[in-house]
Amino acid sequence: MTLQECYAAMGGNYDDALGRLRSERLVQKFVLKFLADGSYDLLCRSLEEKNYEEAFRAAHTIKGVCQNLSIDKLQASSSRLCESLRNGYSPEADALAEEVRTDYGQTVAAIEAFQKESAG
Amino acid sequence: MSMEQKQKILIVDDSELNRAILADMLDDEYEIIEAENGLQGVGLLQQRGAEISLVLLDIVMPQMDGFGVLDVMSQNQWIEDIPVIMISAETGSSHIERAYELGVTDFISRPFDALIVHRRVVNTIMLYAKQKRLANMVADQIYENEQRSSLLIDILSHIVEFRNGESGLHVLNVRTLTELMLNHLVQKTDRYQLSGSDISMICTASALHDIGKISIDEKILNKPGRFTDEEFAIMKTHSMAGAEMLENLPIHQDDPLVKVAYNICRWHHERWDGRGYPDGLHGDDIPISAQIVALADVYDALTSKRCYKDSFSHDKAVEMILAGQCGAFNPLLLDCLRELAPDLPTLMSDSNSVAQRDRREMQKVAQEMRRHEELTASERTLQLLEHERMKYSFFADMSKEIQFEFTVSPPMITLSNWGAEHLGLEEIIMDPYHHPEAQSIMEDADFQHLADALRSTSPELPVVTYDCKLNYKGAWRWTQIVARATWSSDEPPRYTGAIGKAIDIHDSRMKLNALERMASHDALTGLLNHAYAKKRILERIETRPTASYALVIFDLDHFKSANDTYGHSFGDQVLVHLAEKLRQCIRGGDIAARAGGDEFLIFLEYKDDIEVVISRIFQSLCGQFEQFPISISMGVALTATVPDGYDALFHAADAALYTVKRGGRGQYRFYNETMRETLSVISPIEDGEDPQEDA
């Protein structure tokens, strides 16, 4: 699996990321680093504890990271979740959080698949 | 900036990944420092300060967000020296607007382009560096110019003075009084529209008021007696002559200083009523600069000794001027003089020392510079500061002391390197009120007491000394904290934090405790000694004067024969044994002491039947120690029957004991009236009241 294919699998825009970060090496380095980012865990934990202020910040961070790496699909859903939590809890947040979970799963699966192949 | 030393960029962003991306773009050319939230960012700014060339700042962060960081930066004026580029996924125009309002240099929204970020960072740093260099150049030049021109003026005016045979202080006095009058005048009225730099210019120019005297014949100038009309007419030309000299300067005619000096030279002998010279100007047609210098000139002439007159006292001079005996002046200026008069001699002598004048001059330049936004601290000041910091940290390390600095906003403690290591803490502790490790160093109550004590100091008395235990990596040790609260120079002053150090006094404190124990306890038995027991008993009676107490004195029967038969060390063993038994048979609150020799003392509080208590104690003390049968004689006195204080109580118990001794030993007796006349077994330790006198 190439990095392009990985981007396709997670609903991202490889060309855009390459255009901004300027080198394939950097894009790859940071995409792999995405797996270690703790924001998603923090988001899930905060939602569970109903700490919506923290959850807002976590969603905001995910959105920012996805913007930098052009992971568009997850960026869009985390952005919507973030807005729904900007002024505390709102009823649509639950469904939006579900979307983020799905997209995050898809993103991580794609990156892990790419990691396995590029390592092997 | 040297080539090998990279400039530093501080990245403040809560996402490690985002920081890594930015760092990757910049770390070839710059040294990257990272902070994962606003509070940490502020901490690093506080610590590294002017070292940091640029801040890349996220908005949404835990602990303190980007706007919070900007607030702190502008409160501390860091924002004027350190450019900030904000990077955020927040693209609402209100956010961007607010960021610019708070002083950010640039705003980059996510997703960002590596090339753009890089370019903007480089440009901003270059721009600031250039601005800083320019500012320094301007500042240095201003300083140099000021220095040069005031030096020239000083030389020139001294030449004039020298020729005039004046005291040498005349120019200085006129200048000082002019400045005092001007500063007072602008507080009273805004009629003359005088700015700070106008005032400073008038003061400088005042030194030139008599330069025209250069053109006057020395014989007339220094004539001891009265002038003839002809001489006076010549003398009067000096004002116009001085003005013409300035007017005919080949260059600098348009310099504001020269213009002010011209006014002063020409018109410092005009009078408010229009009867002065050379032009007979009237009222405020005379420039205010000349009006004030005229008054200052007259005051100094009156109070100085001249070849043709003696000096008048300050009070007399003021009185003469106010009475109109020395010319006619602007009533407003006379008001100023009247109001300044009481403090004038002190003010004049305070500010006349040349060193002081120079310092005020420097302060003024510094203030002027600070008013200009683009004129920030010059490179030289920064170097000095850097040097001071290096010196401080070196001595802090050498001194092996825990030194600390506390700031209220942001709440933060900075520890000296050695101190942090010694306590097992970080050097920077953000938000110490909610920092679990910092909290474990000190008991909450102590922390609170110390914080309260510092907060309730004043700028005049800011030092607090506080003893408490500190936790040195698990070992609690007595420590003395000496701290100085810091107060802002605002009116009213604000409490901004504290600096101080913590000194380990554990060993000396422990030694003191041991000494105290030695002084209060009997070395052989470990019981209290008599003097200390008395102190404790008095305290007890004082706290609860209405309770019922019993004082018991007892001694060993035939103790002398035990010593004689078995030796002194056996005697000592008997005493230790008895003391141990005594300890076992009394309650925690009771006081037991060795009163001396083989005599012991017990002080106890009772409620019900004291007889039962005494009997029980008596029984348990009797018995056998090895081959020696322990028999005791005991006298008891009660506060219920002997209410006249400790000494009387002691006498009574002593008398009861004596009665027992005389009546065959081996029992106890309570004191009663029949024993009043008995002798004493133990001589009293102090001369108390003699009970016989009460009869």
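Chain identifiers are assigned alphabetically (A, B, ...) following the order of the sequence lines, protein sequences preceding nucleic acid strands; residue numbering begins at 1 within each chain.
Looking only at atom types and distance, the side chain of B/Gln439 has no donor-acceptor partner in the side chain of B/His434 under 3.5 Å away. A side-chain donor-acceptor contact under 3.5 Å links B/Thr486 and B/Thr496.
Residue B/Met25 touches chain A through its side chain alone, counting heavy-atom pairs closer than 4.5 Å.
Interface with chain B: from residues 66-73 of chain A, residues A/Gln67, A/Asn68, A/Leu69 qualify, criterion being any non-hydrogen pair under 4.5 Å. Within residues 23-44 of chain A, the residues that have a heavy atom under 4.5 Å from a heavy atom of chain B are A/Arg25, A/Leu26, A/Lys29, A/Phe30, A/Lys33, A/Phe34, A/Asp37, listed by number.
Surrounding CD of A/Glu53 are at most 12 heavy atoms belonging to other residues, nucleotides or ligands under 6.0 Å away. Counted within 6.0 Å of CD on B/Glu427, heavy atoms from surrounding residues, nucleotides or ligands total more than 12; the atom is thus considered enclosed. Other residues, nucleotides and ligands contribute more than 12 heavy atoms inside 6.0 Å of the CG atom of B/Asp452. Enclosure of atom NE2 in B/His435 by more than 12 non-hydrogen atoms of other residues, nucleotides or ligands within 6.0 angstrom is indicated.
Atom-to-atom distance recorded for B/Ile59:CD1 and B/Arg110:CZ is 9.5 Å, nearest 0.5 angstrom.
B/Arg98 forms a cation-pi arrangement with B/Phe67, by the criterion of a distance under 6.0 Å to the ring centre and an angle within 45° of the ring axis.
Between A/Arg22 and B/Asp113 there is a salt bridge, with a side-chain nitrogen of the basic residue lying less than 4.0 Å from a carboxylate oxygen of the acidic one. Remark: A/Arg80 does not engage A/Glu83 in a salt bridge, criterion side-chain N to carboxylate O under 4.0 Å.
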